[in-house]
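Start at 1 and go down the list; that is how both ligands and their atoms are numbered.
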Amino acid sequence: MLVQALLKTKATEGVVTVPSSTTVSEVAKILAEKRIGTVVISDDGGETAMGILSERDIVRELAASGSGCLFGTAKAYMTTNLVTCTSQSSVKEIMSLMTEGRFRHMPVVEEGKLIGIVTLGDVVKAQLMEVEMEKDALAGMIMGH
Ligand code: AMP
């Protein structure tokens with residue numbers, strides 16, 4: 001399965017982005033309200049991904065430097081070394097990149113523009129769907145349908 005197909009199965013379209021000047025405390029509020037684990041940082045309204053700030057980054061910084069980081073900006077704590085995929089990447093490929101890199105979010109970028117985001121949860125769901133389809137096809141073959 002390709003990322004293109006996976007994006008179509010997602011209940012919510014689009015990516016939650018915030019400007020790099022957003023405070024960490026505002027980001028935490030957005031993550032909680034929207035029940036998501038990460039925001040993509042973009043200063044041009046979501047076209048270009050500058051970085052990603054995840055709940056893990058916030059927890060790590062809280063443990064390292066205390067609650068003062070909540071007043072800092074997303075720019076100061078985001079990960080800028082982004083691993084991205086395209087709509088033509090295979091789900092298997094991104095699953096291994098996420099496992100090796102130990103992260104659960106992968107922005108989908110095409111010609112420099114952010115077009116979506118895939119989570120580890122989406123990937124697992126897609127894999128389960130594929131296994132189910134294979135199982136049905138094999139059962140159909142055995143029963144002669
Ligand atoms: P996550 O598991 O996605 O919440 O993120 C774990 C760590 O990886 C955090 O430091 C994130 O900033 C970072 N991270 C998340 N997604 C990516 C990505 N696609 N490329 C690079 N780093 C990422």
For atom 9 (C) of ligand 1, the closest protein heavy atom turns out to be Asp57 OD1, 3.1 Å
Full working for side-chain contact (heavy atoms from CB on, under 4.5 Å) between Thr86 and Val3: CA-CA 7 Å; Thr86 72; Val3 165; over 6 Å; no
For ligand 1, which part of Leu53 has a heavy atom less than 4.0 Å away: the side chain, the backbone, both, or neither? neither
Considering only non-hydrogen protein atoms, determine which one is nearest to atom 22 (N) of ligand 1 and report residue, atom name and distance to 0.1 Å. Thr79 CG2, 3.6 Å
Who else is in the cluster with Leu128 when I, L, V, M, F, W and Y are joined by side-chain contacts under 4.5 Å? Val124
Of the backbone atoms (N, CA, C, O) and the side-chain heavy atoms from C-beta on, which set of Glu55 has a member under 4.0 Å from an atom of ligand 1: side chain, backbone, both, or neither? neither
the protein heavy atom lying closest to atom 8 (O) of ligand 1 turns out to be Phe103 CB, 3.5 Å
Nearest neighbour in protein (non-hydrogen) for atom 5 (O) of ligand 1: Ser54 OG, 3.5 Å
Has ligand 1 got any nitrogen or oxygen that is less than 3.5 angstrom from a nitrogen or oxygen of Val83? yes
Are any of the N or O atoms of Arg102 closer than 3.5 Å to those of ligand 1? no
For Glu132, give me all partners under salt bridge (Lys or Arg N to Asp or Glu O under 4.0 Å), at least two apart in sequence or on another chain. Lys135
Any Arg60 heavy atom less than 4.0 Å to ligand 1: yes
Identify, for atom 16 (N) of ligand 1, the protein heavy atom at the shortest distance, and state residue, atom and that distance. His105 O, 3.1 Å
Can you find a non-hydrogen atom of Thr38 under 4.0 Å from ligand 1? no
